Amino acid sequence: MRARLRFSAILGLAAGLALASWLSAASAKVFGPTRYVLDNGLELVVVEDHRRPAVAHFIYYKVGAIDEQAGETGLAHFLEHLMFKGTAKTPPGAFSKAVARNGGQENAFTSRDMTGYYQIVAADRLRMVMEMEADRMTGLKLDEAVTLAERDVVLEERLSRVESRPEGILGEALNAALYLSHPYRRPIIGWRPEIERLTFVDAMAFYRKWYMPNNAVVVVAGDVKPEAVLQIARETYGAVPAGERPPAARFYEPEQHAARQVVLKDARVRQATWRRLYVAPPYRGAASEPYALDVLSEILGGDTGRLHKALVLEQKKALAVAFWYDGQGRDYGSAGLYGMPAAGVDLAALEAAFDAEIASILKDGVTEKQVLDAKQRLAAEAIIARDSLDGPARIIGGALAAGQTVEDIEAWPERIDAVDKAAVEAAARALFQINRSASGLLLPAGEGPS
Amino acid sequence: MTALRQSIFGLIGALGLALAGMPALAASPVQEVQAHGVSAWLQSDPAVPVVAIAFQIEGGAATDPPTLQGRASLLADLLTEGAGEMDDRAFKERLANLSATISIQATQDGISGMLYTLSKNLPEAADMLGLALSAPRFDPAALERAQASHIAGLISARERPSRRAYRAFLETVFGSHPYARSVKGRVATLQKITADDLVAFREQRFGRDRLLVTVAGDVTPAGMKDALGRAFGALPEMAPGGPADLPTVALPSTPIRLLAEMAAPQSTIVFGGRGVPRNDPDWRAATVLMQIMGGGFGTRLMSEVREKRGLVYGISAGLTELDAAALVIGSASTNNATVAETVAVVEAEWARMAEQGPTAEELADAKAYITGSLPLALDSTSAIADTLLAIRTYNLPMDYLNRRAALIESVTLEEAAAVAKRLFRPDNLIFAVAGAPTGLTGWRPIAVKDDD
C-alpha cells in the first residue's frame, strides 16, 4: 500500500547497520557507493549490485511532517498521495501503469523529515522511471475533484492506522507528550480536523515550496554502472531547473523537567501493555554517542537481551519486552521501551521491574563481554544489509535526507568498533533520564489508575 | 489470513505477483543436491556471504484434534526454545553469536521454516537447526511461556474487526473441515496442551520422507551436503504417522452474507469464494483474471473503490491455495457508513467481469506484469529459497520458473472470458463484515464469541 513508512521502520534498517569488529576497520566498506551532485543541486548516489538484471530507483525529498505549518498537519503525507495523480505529460495513474506493465513495483512513504518515492524495475527500464519521476518533480497537475476523493482515502487510512487501533491512539498521544514544542510531536498522517480541511491549493503551495532538484536525493541500486546512471540523470533530472529552497528550519525542544504519563482505557483493549519513550541524540553530526546507543540496544533488547532475561525469563513479570533506539532524525532521535505483562502482573509492577533493570545498568554498568558480543552481532547486520536490492537504497537515501553523509554510512564499521564499555555506560546515563521521557499505559476499560 | 497458508505463493497471489521467466536465476541454475537421504534444491550464488535454507514438513494445524487446537503452532514456537544440552537462553545466545536466525511457523498444511546465516557459520548454524528439529526440549517453563504468549495474542486480537471478519468468513466457507479452525488455537485448548502432546506430534510427523528443502546463497553443493546431514540427518527416514491426509473441502455454493456486529469506527469486509487449484487447466487464466480484478494499483477494485470513490485505503483480492482447498479471498476496510456502498461496488465488479470478461488491454497488461515481476521479486537470498520451496510444495518441476512465462502468455481473451464466468459467478461471492456498519439488511448475524 502507498503509505508513510513509520519512522522507526526506516530507522530499523539504518540501525541495523552497525558494524564488524572482525572486518578490518580500515578497509571495511558497507555499500561502496558513488556520489555525484548535478549542476541543479540534485544529489545522486549509485550502488552497484549485479546479482540480477534489476534496479531500485529511490527519490527522497528533504521535506516531511516537520515542515508543515501550524494547522496543516498531514499535508506532507497528503501531497505524497497526490503525487500519483498525473502531470501535463502523464495522465493520472499512467506512471503506475507503466511501472506495472514492466512487472515493476512502486510505492511511496512519508516520515517526519522526508518524503520518498520508489520503483523497482528491470535495469533497462531505469531511464523510463527517471524520466517520469523527473516530470512529476515540478509537473504535477491537480484538480479539486481528484484531491477531495484522495482526501477521503487518507481519512480511511487514518481510521485504519490510528482510530481503529487503541495502540495507535495511545501512540499518537504519547508522541505528542514526548515533545513539548518540537514539531515531531505531530502525527505524520495529521490530526483529523486538519486533514479534513486540507485543500488542493494547500497541497500545490507545499509542493511548489519544497519539490525541486536541490532539495532531493536520488539513490539507484542494482545492475548499473555509476557513469551510465549519471548520464541518464543529467538527461532527465538535469533538465529540471533548481528552485529557491527555503532555508532548512531547525527546531529546538526546551529542557524537559517533568516526566509525563499518558493513559488510555478502552473497551477494545483486552491485553494491557506499557511503553515509554525518551528523547535521544540523532546520528546526524555525531560520531560516537548514537553508535554506543546501537550497542546498548543490542545488549538490552531482543530475545537475548538483558531485559528479556530479567523480566521474561527470571522474574516472569512480562510475556514480551523490547528496547529500541532510532537515531535517524534531522533534530532528535528517540528510544523506547515496551512490555506486555504476564497474567496477574499490573502495569505499575511491570514498570517498576523495567526501572530496576535500568537502575542496575546505571549503577553496575555493562560487562566487557556484553559489549563485545553485541558488536559482533551488529557486524553481521552490515553484511546482511547488502542481501537485498532495495535495502541499500533505503538506508542511504534515508540517512542522506536526514542530514547524514555517505561517509557516515561507510564509517559505520569503524564507529561501532570504536564503542567501548565506558561509551555504552555514558550513553545509557545520558539517555535514561525520567524527566526526558513519556510513559504510556494501555488498559482495558475499568482497569488501572483512575 | 493467519489461518491460511502464507506460503510465498499465497503472498504472491495476494500481492498480484506471479512466477515468470527468470533471468535472475539464469546465471546459476537450480540443481538438486542429495545427501543423508534428503534432497535439496540449491541455487548457489557467492555474491553475498549468506545462506538461506527453507524447509517444510508435511502435516500442520489441520491435523490438530479439536481438543488440541494450537498444538502445531505451539510446537513451531518451542522448537527454538531450547534443544539438546541448551536451555532456551543458551540456545538463543548461541544462535545470536553465530549471527544466525531460525524462524519456524505452523500453517494449516505443515511446519515450515528458514535458517538464515552468514555462510562462514553454516556448519554450526545447521547443527542448531538439527537440534531444533530432532532434539527439542519442551522445558516446562518454556512451554508455559509459549502458552501464555499464544493466549495473550488471541485475547489481544478479540476486538479487532479484521480478525472477526476473517474468522467468520473461514468458519463459514470451511464448515466442519479442520481448515475452519484457527492455526493459533483457542484459549481453552492451548491451556490443555502438554509437552507429551508436542513430543507425540513431532515423533509422528517429522521424517525425511515428509520433508522438502530448498537453499540459496553462498554455499557449494559439497558444503550443502554436509549441512543437510547436520540439519536433517537425525530425522527418521520415515515419519511414523504417514501422510497428513485431509478430507476434501466442500465449499458453499450460495452467496452468503455474514455480519459480526461489534463496536468499531471502521468495518472490515472479507469476501471471496471457490478458487481454482493449481492443477486445474483454468488456473493460468484465473491467475491473470485475479491480477486484473484485485492485484494492486490500477486494477479494477482499486480503481473503482479507492481511486474513483475514495471509499478505502486499500482493497485487494487473489487466489489462495491450501493442500485440500482453493479459494479466492479479498479484503478491505471502510468506515461504517460506507460499508454498503463498498459491498455494492465489489458485487458490481464481480458481475461485470463475469458478464463481459476483461478487455484485450487489461489482459495484455496483466500478463506483462505477471511475467515481468517475478525476477524483481527474487531480490534476496531468503526470497529465492522461499520461492523454490513453494515450487516444490506444489509438486512443480525444477525448471518451472522458466516455463511460467509461456504458460501465462498462452491465456487468450476467449479463455479468460470463459473462466471469468466460472470464477466471478454471483453465487461464488461470500461476504463477511465485522464492525458496526449501517445499511446492511438481511445479513446473517454471527454471534461474536469470546472463547477463541
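What you are looking at is a predicted structure, and each value in this text was computed from that prediction instead of being measured. Residue numbers begin at 1 in each chain, while the letters A, B, ... track the order of the sequences.
Checked by atom type, the side-chain pair B/Gln266/A/Glu156 shows a donor-acceptor distance below 3.5 Å. Side-chain polar atoms of B/Tyr313 and A/Arg158 form no donor-acceptor pair below 3.5 angstrom. Using modelled atom types and a 3.5 Å distance limit, the side chains of B/Asp379 and A/Ser388 yield no donor-acceptor pair.
Interface residue A/Ala100: backbone and side-chain heavy atoms are both found under 4.5 Å from chain B. Using a 4.5 Å cut-off between heavy atoms, B/Glu361 touches chain A through its side chain atoms alone. Looking at A/Glu167, only its side chain comes within 4.5 Å of chain B, counting heavy atoms on both sides. Residue contact with chain B, scored on non-hydrogen atoms closer than 4.5 Å, involves the backbone and the side chain of A/Leu389 alike. Residue contact with chain A, scored on non-hydrogen atoms closer than 4.5 Å, involves the side chain of B/Thr338 exclusively. For chain A, no part of B/Ile151 is nearby; none of its heavy atoms comes within less than 4.5 Å. For A/Asn102, the part sitting under 4.5 Å from any heavy atom of chain B is the backbone (N, CA, C, O) and nothing else. Neither the backbone nor the side chain of A/Ala342 comes within contact range of chain B, judged by heavy atoms closer than 4.5 Å. The contact between B/Asp45 and chain A is made entirely by side chain atoms (from C-beta outward), counting heavy-atom distances below 4.5 Å.
A salt bridge does not link B/Glu159 to A/Arg165: none of the charged nitrogens lies less than 4.0 Å from a carboxylate oxygen.
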Item checked: CA sep, side-chain torsions, deciding dist, call: B/Leu118, A/Ile383, side chain to side chain contact (heavy atoms under 4.5 Å, CB included) -> CA-CA 8 Å; B/Leu118 297 182; A/Ile383 295 169; 4.1 Å; yes
Next item on the list: I would like to know whether B/Arg145 and A/Val312 meet side chain to side chain contact (heavy atoms under 4.5 Å, CB included); could you show each step before the answer?
Entry: CA-CA 9 Å; B/Arg145 265 202 318 282; A/Val312 178; 3.4 Å; yes
Checklist line | CA sep, side-chain torsions, deciding dist, call: A/Arg51, B/Val48, side chain to side chain contact (heavy atoms under 4.5 Å, CB included) | finding: CA-CA 9 Å; A/Arg51 287 185 289 167; B/Val48 178; 3.6 Å; yes
Notebook entry, point to check: Could you go step by step and tell me if A/Glu150 and B/Arg306 meet the salt bridge (charged side-chain N to carboxylate O under 4.0 Å, His left out) rule?
Noted result: CA-CA 8 Å; A/Glu150 198 61 30; B/Arg306 171 172 160 152; 3.0 Å; yes
Check: Can B/Phe297 and A/Val99 be said to form a side chain to side chain contact (heavy atoms under 4.5 Å, CB included), step by step?
Finding: CA-CA 10 Å; B/Phe297 284 102; A/Val99 172; over 6 Å; no
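When A/Gly93, A/Pro92, A/Ser164 are compared by the number of non-hydrogen pairs under 4.5 Å with chain B, A/Ser164 comes out ahead. No other option in A/Ile384, A/Val55, A/Leu148 has as many heavy-atom pairs under 4.5 Å with chain B as A/Ile384. Between chain A and the options B/Ala152, B/Ala263, B/Ser303, heavy-atom pairs under 4.5 Å are most frequent for B/Ala152. Taking B/Asp88, B/Val50, B/Asn97 one by one and counting their heavy-atom pairs under 4.5 Å with chain A, the maximum is reached by B/Asn97. When A/Val154, A/Val121, A/Asp390, A/Val269 are compared by the number of non-hydrogen pairs under 4.5 Å with chain B, A/Val121 comes out ahead.
Atom CE of B/Met262 and atom CZ of A/Arg268 lie 9.0 Å apart (nearest 0.5 Å). Considering CD of A/Gln271 and CG of B/Leu154, their distance stands at 11.0 Å, rounded to 0.5 Å. Residue B/Ser99 holds its OG atom at 9.0 Å from CG of A/Leu378, rounded to the nearest 0.5 Å. The CZ atom of A/Arg101 sits 4.5 Å away from the CG atom of B/Asp365 when rounded to the nearest 0.5 Å.
Smallest separation of non-hydrogen atoms from B/Glu307 and A/Ala149: O-CB, 4.1 Å. Contact record, A/Gly103 with B/Leu376: O-CD1, 3.2 Å, taken as the closest heavy-atom pair. Closest approach of B/Ala47 and A/Arg386 over heavy atoms only: O-NH2, 3.9 Å. Among all heavy-atom pairs drawn from B/Gly310 and A/Val153, the shortest one is CA-CG2, 3.6 Å.
For the pair B/Ser373/A/Gln105, a side-chain contact is recorded, criterion being any heavy-atom separation below 4.5 Å from C-beta on.
Heavy-atom neighbours of A/Glu314 CD from other residues, nucleotides or ligands within 6.0 Å: above the threshold of 12. The neighbour count for B/Glu144 CD, taken as heavy atoms of other residues, nucleotides or ligands under 6.0 Å away, does not exceed 12.
Of the possible polar contacts, one joining the A/Asp387 side chain to the B/Thr381 backbone as a donor-acceptor pair under 3.5 Å is found.
Evaluated for a side-chain contact (heavy atoms from CB on, under 4.5 Å) with A/Lys309, the options B/Lys92, B/Glu93, B/Arg89 yield exactly one hit, B/Arg89. The one candidate from B/Ser333, B/Ser267, B/Pro265 that meets the side-chain contact (heavy atoms from CB on, under 4.5 Å) condition with A/Leu159 is B/Pro265.
Partners of B/Phe91 by ring-ring contact (aromatic ring centres under 6.0 Å, His included), not counting sequence neighbours: none found. For A/Tyr338, there are no ring-ring contact (aromatic ring centres under 6.0 Å, His included) partners, not counting sequence neighbours.
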